[in-house]
*Asks:* 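I am attaching a structure below and will ask some questions about it afterwards.
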Amino acid sequence: MKSNSRHTIKLFTYAQLGIVALFIIVVLFSTIRLTELGKILADLTNSTIPKISYAASLNTQIQNLATLTSILASSQNSPAQQLARQTIDSSLVSINESMLNDATDRQYLPTQLATLTKEINELDGLVKQRIIFQRLLNDKKDALNTNLQRLFASIRLIENSNEIENMLVEVLLLSVKISEQNRLHEIRQIELALNSLTMKLKNKLVERKLDNTILIKPLERLLFGTEGLINQKVQSLRIDGRTRGRDNFVRNLIADVASNLQYQAYVMNKESMEDAKKVNELAAQYSKLTIISGVFAVFLTLGIIYYLHQRIVLRLVSLSSQVSVASKTPEAVINIDGNDEIARLADTFSLYLERVKEQESALLNMTLTDPLTGIPNRRAFERKLSETIELAMRNKWAVTVILIDVDYFKLYNDHYGHAGGDACLRLVASELNKTLLRQSDFCGRFGGEEFICILPNTGAEAANVICETLRYAIEELKIPHVKSTINDYVTISLGASTLTFNHNSDLTKEILILEADKALYQAKAQGRNRSCFSHFNSGNFSLK
Ligand SMILES: Nc1nc2c(ncn2[C@@H]2O[C@H](COP(=O)(O)OP(=O)(O)OP(=O)(O)O)[C@@H](O)[C@H]2O)c(=O)[nH]1
């Protein structure tokens with residue numbers, strides 16, 4: 001019962017807590033989702049994007065390295081080689097630094113870079129060798145040219161030396177051809193041709209009885225043997241070939257590293273695109289869920305508000321209007337359904353109004369009752385008379401008013417004392433009320449030792465009978481009255497007036513009382529313990 005009685009407060013509290021909880025859930029849900037989204041975005045911006053950036057930077061540096069190694073490979077002198085090498089070294093340092101700063105796990109890149117550095121060193125060594133050999137070759141060519149010029153000068157001193165000169169010119173041309181030739185087998189053929197030419201030259205010199213040792217041997221030394229021009233050229237070609245091969249190898253290696261980096265960049269790019277797509281999808285999903293949960297929360301809140309409105313507000317409004325009506329209309333009933341505080345409040349209001357009505361009625365009774373005798377007082381008589389006259393006029397009834405006075409009551413009081421007088425009045429009042437038979441008849445105390453009766457729908461004849469019945473009843477009470485000069489017992493005198501015509505005014509009431517009073521005066525005057533009557537109509541009434 002106690003829990004029932006607190007039902008509305010609980011309901012209201014739960015509803016409030018429900019709304020608060022609902023909004024906390026929605027806010028928490030949104031915050032969690034946004035935090036997750038933030039983490040993914042942070043990962044994307046802090047990790048993936050820098051990785052892509054590093055990969056792009058590394059790729060550019062590696063591509064530059066390919067150009068630099070080409071420059072190194074094609075260096076024709078030491079300054080150019082050294083410049084290219086320094087640039088390559090600083091580029092490698094920069095690549096290594098980029099690699100250290102890069103968070104990406106590049107498993108093979110350090111190994112590849114180490115190999116690349118080693119290969120670049122090899123290439124650099126070959127380039128250096130090639131430059132040396134080139135220089136030696138040039139020196140050899142210069143020495144050969146000097147030697148040939150000396151030979152030409154010596155041969156010109158010999159008579160009929162045209163054939164030998166021609167042979168020397170041929171040697172010069174073939175040696176020049178060697179410098180320009182880049183194919184080994186061609187050089188070998190030129191070598192064979194030079195061999196035969198030098199042999200022929202030697203024979204010619206022998207034929208001319210000239211010492212070929214001084215003339216031809218230096219030329220042969222310059223052309224053939226390990227230090228000769230041909231061998232130098234062959235060596236130079238070999239180193240050149242090795243340099244080109246190493247250069248190609250290094251560039252292929254760089255291309256491998258670059259394609260590896262490009263592939264990693266492609267993978268990272270793809271991953272970041274997938275991450276971005278995922279973030280996009282998640283953001284759309286989260287915003288959808290947040291909107292749905294927000295709308296749900298709003299509708300639920302509206303539902304709770306509507307329910308509270310129906311359950312509490314409307315019932316309170318109804319209670320208020322019912323209380324307002326009930327306080328003005330005595331018959332109105334307060335009725336609120338349910339078994340909660342509001343229903344209990346309605347019951348309390350009902351009880352309170354009932355109590356007020358009871359008290360009102362008790363108060364009214366008190367104001368309309370004579371405290372001594374317990375019968376209606378003069379105010380009650382005034383009311384009853386007005387009602388009776390109204391009813392009588394509507395129904396065309398006759399109305400009789402009887403004014404009653406206890407005979408010699410002053411003497412009674414003086415003899416039996418005031419308390420005795422009171423007791424006598426109570427007995428008389430009770431007897432008068434008992435004697436009036438009709439429910440609709442009225443008997444009240446008019447004041448002092450006077451009583452007054454109203455007899456609705458009672459004509460003059462009936463009134464006469466009733467007056468006599470009343471007078472006889474009091475006399476029969478046999479209340480001793482030793483001081484009365486007319487009887488041994490208490491007696492009463494009665495004056496009655498009967499109205500038998502329509503006359504709707506306050507004057508009617510006054511006239512009835514006045515006529516009754518006159519009749520009473522007459523009864524007193526005629527010797528007391530009797531009844532006198534006044535019957536009147538249409539303003540024309542007579543006293544009997
Ligand atoms: N004990 C008592 N006496 C009352 C009460 N009201 C009026 N009386 C007395 O009733 C007496 C009325 O006296 P009077 O008006 O002279 O009339 P009476 O003595 O009855 O004389 P008549 O009417 O001429 O027979 C007074 O002495 C009043 O004091 C009451 O409530 N109790």
Side-chain angles (χ1 to χ4, degrees), residues 362-385 400-436 441-455 463-464 466-498 509-535 543-544:
L363 212 63
L364 193 67
N365 269 342
M366 271 170 71
T367 58
L368 296 175
T369 307
D370 173 53
L372 177 72
T373 57
I375 63 169
N377 61 13
R378 185 162 181 165
R379 190 180 288 119
F381 160 74
E382 301 277 353
R383 254 185 205 204
K384 179 72 181 174
L385 185 59
T400 295
V401 168
I402 307 166
L403 198 57
I404 301 162
D405 187 276
V406 182
D407 296 326
Y408 298 120
F409 191 65
K410 186 180 178 323
L411 293 175
Y412 188 91
N413 244 351
D414 292 346
H415 183 75
Y416 296 100
H418 204 76
D422 284 353
C424 172
L425 288 175
R426 276 196 285 272
L427 278 172
V428 171
S430 166
E431 189 61 25
L432 289 174
N433 266 287
K434 259 192 263 172
T435 309
L436 288 176
D441 290 344
F442 172 92
C443 180
R445 190 174 174 201
F446 197 60
E449 83 293 7
E450 284 185 338
F451 297 90
I452 194 154
C453 299
I454 304 168
L455 310 175
N464 191 8
I466 290 166
C467 278
E468 276 310 299
T469 312
L470 290 172
R471 191 192 61 75
Y472 181 71
I474 297 302
E475 195 176 343
E476 279 306 299
L477 278 175
K478 294 197 187 300
I479 302 166
H481 189 349
V482 293
K483 292 294 176 184
S484 174
T485 55
I486 56 164
N487 205 318
D488 293 337
Y489 305 107
V490 169
T491 58
I492 54 171
S493 298
L494 303 94
S497 65
T498 304
K509 210 164 86 180
E510 302 304 322
I511 289 169
L512 259 172
I513 298 165
L514 185 72
E515 287 303 313
D517 194 48
K518 278 182 187 172
L520 175 64
Y521 180 78
Q522 213 173 4
K524 289 275 181 191
Q526 286 175 9
R528 295 181 176 79
N529 193 21
R530 67 190 67 224
S531 318
C532 282
F533 301 93
S534 169
H535 178 221
L543 288 172
K544 288 185 180 174

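All ligand and atom numbering here is 1-based and tracks the order in the structure. By convention here, the first residue in the shown sequence is residue 1.
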*Asks:* Ring-plane angle category for His481 and Tyr416, please: parallel below 30°, perpendicular beyond 60°, tilted otherwise.
*Replies:* perpendicular

*Asks:* Would Lys434 and Glu431 count as a salt bridge (charged side-chain N to carboxylate O under 4.0 Å, His left out) here? Give the steps.
*Replies:* CA-CA 5 Å; Lys434 259 192 263 172; Glu431 189 61 25; 3.8 Å; yes

*Asks:* Examine Gly421 against ligand 1 and note whether any of their N/O atoms are separated by less than 3.5 Å.
*Replies:* no

*Asks:* Quick check against the 3.5 Å criterion: does Asn377 have a side-chain atom that pairs as donor or acceptor with the backbone of Thr367?
*Replies:* yes

*Asks:* Which of the atoms of ligand 1 are close to His418, meaning less than 4.0 Å from one of its heavy atoms?
*Replies:* 1 (N), 2 (C), 3 (N), 32 (N)

*Asks:* For Lys410, does the NZ atom have more than 12 heavy-atom neighbours from other residues, nucleotides or ligands under 6.0 Å away?
*Replies:* no

*Asks:* With respect to atom 9 (C) of ligand 1, which of Asp407, Asp414, Asn413 exhibits the smallest heavy-atom separation?
*Replies:* Asn413

*Asks:* Identify whether the distance between the nearest side-chain nitrogen and carboxylate oxygen of Lys483 and Asp414 falls below 4.0 Å.
*Replies:* no

*Asks:* Do Asp407 and Ser493 have side-chain atoms, one donor and one acceptor, less than 3.5 Å apart?
*Replies:* yes

*Asks:* May I ask you to identify the nearest protein heavy atom to atom 22 (P) of ligand 1, giving residue, atom name and distance to one decimal place in Å?
*Replies:* Lys524 NZ, 3.6 Å

*Asks:* Is Arg445 close enough to touch ligand 1? Criterion: a residue heavy atom under 4.0 Å from a ligand atom.
*Replies:* yes

*Asks:* On a heavy-atom basis, I'd like to know which of Arg528, Glu449, Lys410 is closest to atom 15 (O) of ligand 1.
*Replies:* Glu449

*Asks:* List every atom of ligand 1 that sits less than 4.0 Å from any heavy atom of Val406, numbering the atoms from 1 in the order shown and giving each element.
*Replies:* 20 (O)

*Asks:* Quick one about Glu515 and Ser534 (side-chain donor to acceptor, distance below 3.5 Å, no hydrogens or angles considered), yes or no?
*Replies:* yes

*Asks:* Can a salt bridge be assigned to the pair Glu382 and Arg379 using a cut-off of 4.0 Å between side-chain N and carboxylate O?
*Replies:* no

*Asks:* Pull out every atom of ligand 1 sitting under 4.0 Å from any heavy atom of Asp405, numbered as shown with elements.
*Replies:* 23 (O)

*Asks:* At what distance is the nearest protein heavy atom to atom 6 (N) of ligand 1, and which residue and atom is it?
*Replies:* Gly448 CA, 3.2 Å

*Asks:* Can you tell me which residue and heavy atom of the protein come closest to atom 32 (N) of ligand 1, and the distance to 0.1 Å?
*Replies:* Asp422 OD1, 2.7 Å

*Asks:* Arg445 side chain to Gly448 main-chain N or O, any donor-acceptor pair under 3.5 Å?
*Replies:* yes

*Asks:* Quick check on contacts: which atoms of ligand 1 are under 4.0 angstrom from a heavy atom of Leu425?
*Replies:* 5 (C), 30 (C), 31 (O), 32 (N)

*Asks:* Atom 25 (O) of ligand 1: which protein heavy atom is closest, and how many Å away?
*Replies:* Tyr408 N, 2.7 Å

*Asks:* Which heavy atom of the protein is the closest neighbour of atom 10 (O) of ligand 1, given with residue, atom name and distance?
*Replies:* Phe409 CD2, 3.0 Å

